[in-house]
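Data first, discussion second: the structure below is written as structure tokens.
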Amino acid sequence: MSGVNKEFKTIDERIALLKSRNLKFKNEDKAVKILKTYSYFDIINSNEKLFQNNSNNHKYYIYDIYFEDLFYIYCFNQRLSSLTMDNVLYIELSLKNSIAYRFSEQYCTTLQTAEEYTNMQNYICPPINQRDLYNKFNNFHMFRNDFVSTLKSHYTYMATYDKLPLWVALKGLTLGNIAYMILFLNSNIKSNIKMDMQIDSISNDAFDYGIYLLKEIRNNCAHGEMVYRFSKKYNVRYLNVASAVNEFGLNRTDAKYIDVLRVLSKFISKKDLRKIKRCILMFYIHFLLIGRKKIATKILGKMGNSDIKVWMNL
């Protein structure tokens with residue numbers, strides 16, 4: 001089966017192609033400068049399907065859409081991605097700090113026990129009927145004999161330690177690694193971590209899925225994906241997703257950006273939440289003031305709910 005092939009086109013040729021598809025321009029000279037600075041793919045290809053009629057294999061913008069509209073959507077997505085990433089990184093740092101402290105106070109209190117975080121006996125092994133998670137536990141890289149030595153070979157500053165403390169080792173773990181580690185912690189440690197992060201009111205199921213979803217949106221942001229189009233199916237077999245969906249009040253089919261925000265709201269301050277909501281509101285108001293509300297509602301709908309009031313009430 002043949003794949004998609006794209007030939008190189010100059011910026012002038014790209015603009016001519018877009019005009020042939022009924023995309024309008026307010027200022028072509030400015031559009032040329034934008035396309036010399038920003039990715040054509042991210043501005044056009046990532047957004048065009050929302051505003052095109054692709055019948056008969058011919059792309060055609062279905063109503064008055066301007067290049068400047070697509071660029072504004074792109075800029076909005078960049079701001080939203082940056083705010084989201086900043087908050088997830090803050091949560092990740094807080095989470096690692098709490099894990100290091102709470103695990104160490106139970107298992108790593110002396111120099112001799114400093115590396116007990118590599119001992120699988122200090123974790124809870126999932127039941128064998130949870131085969132995916134059970135297999136992950138038995139092959140978890142933190143339990144490998146070369147885990148510490150591998151970290152030391154990758155990070156020069158870690159090699160200066162004789163016994164590598166957990167709070168240093170965690171710097172070499174991704175949020176994905178941490179998400180699995182959390183699943184294997186005993187209930188006492190997990191309860192203390194939730195207390196440290198001031199989320200002790202949520203259940204362990206919600207906590208586990210919340211970290212998983214934040215890991216997914218972090219990857220989305222880090223790889224430059226379109227955050228407003230974020231979508232994740234609820235097919236994580238090793239998590240009690242149904243319980244978490246009910247507790248967080250998430251969409252029933254799959255997780256959209258609005259669901260990410262619902263989860264984030266449990267982990268971050270109201271001030272930081274307001275910054276994200278303000279970003280969304282300013283985007284909505286921009287298109288409202290220029291008489292193009294339908295563009296804003298279409299994007300908000302792609303994010304999980306087309307009603308701006310729902311977003312503001314989160």
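The side-chain heavy atoms of F71 and D42, taken from C-beta on, include no pair separated by under 4.5 Å. By the 4.5 Å heavy-atom criterion applied to side chains, N192 and N188 are counted as neighbours. Between C75 and R79 there is a side-chain heavy-atom pair separated by less than 4.5 Å. A 4.5 Å side-chain heavy-atom check between C108 and E115 finds every atom pair outside the cut-off. Between R262 and N251 the shortest side-chain heavy-atom distance falls below 4.5 Å. A heavy-atom distance below 4.5 Å is found between the side chains of I217 and F230. A 4.5 Å side-chain heavy-atom check between Y234 and D259 finds at least one atom pair inside the cut-off. Here the side chains of F207 and L183 are not in contact, with every heavy-atom distance at 4.5 Å or above.
Because its NZ or CZ atom is both nearer than 6.0 Å to the ring centre of Y180 and within 45° of the ring axis, K136 counts as a cation-pi partner of that residue. A cation-pi arrangement is absent between K293 and F287, since the terminal nitrogen or guanidinium carbon is not both under 6.0 Å from the aromatic centre and inside a 45° cone about the axis.
Using modelled atom types and a 3.5 Å distance limit, the side chains of N186 and Y107 yield a donor-acceptor pair. No side-chain donor-acceptor contact under 3.5 Å links E216 and N219. Side chains of S231 and Y257: no donor on one and acceptor on the other come within 3.5 Å. Checked by atom type, the side-chain pair D146/S149 shows no donor-acceptor distance below 3.5 Å. Side-chain N/O atoms of Y66 and N27 include no donor and acceptor closer than 3.5 Å. Donor-acceptor pairing under 3.5 Å is recorded for the side chains of T110 and T113.
Ring centroid separation for the pair Y209 and Y212 comes in under the 6.0 Å cut-off. Between F143 and F140, a ring centre-to-centre spacing shorter than 6.0 Å is recorded.
When all heavy atoms of I202 and K194 are compared, the closest pair comes out as O-NZ, 2.8 Å.
A donor-acceptor pair under 3.5 Å is formed between the side chain of K152 and the backbone N or O of D162. In terms of modelled atom types and a separation under 3.5 Å, the side chain of E68 and the main chain of K26 share a donor-acceptor contact. At distances below 3.5 Å, at least one donor-acceptor pair connects side-chain atoms of S94 with backbone N or O atoms of Y90.
Atom CG of L164 and atom CG of L170 lie 9.5 Å apart (nearest 0.5 Å). Here the OG1 atom belonging to T297 is positioned 14.0 Å from the NZ atom belonging to K302, to the nearest 0.5 angstrom.
Screening N204, N246, D205 for a side chain to side chain donor-acceptor pair (under 3.5 Å) with N240, the sole residue that qualifies is D205. Of the candidates F184, Y123, Y117, F103 forms a ring pair (Phe, Tyr, Trp, His ring centres under 6.0 Å) with just one, namely Y123.
Aromatic ring orientation, H286 versus Y72: parallel (interplanar angle below 30°, classes split at 30° and 60°).
Linking Ile, Leu, Val, Met, Phe, Trp and Tyr residues whenever their side-chain heavy atoms come within less than 4.5 Å places L133 and M120 in a single cluster.
Applying the side-chain contact (heavy atoms from CB on, under 4.5 Å) test to S191 and every residue at least two apart in sequence or in another chain returns nothing.
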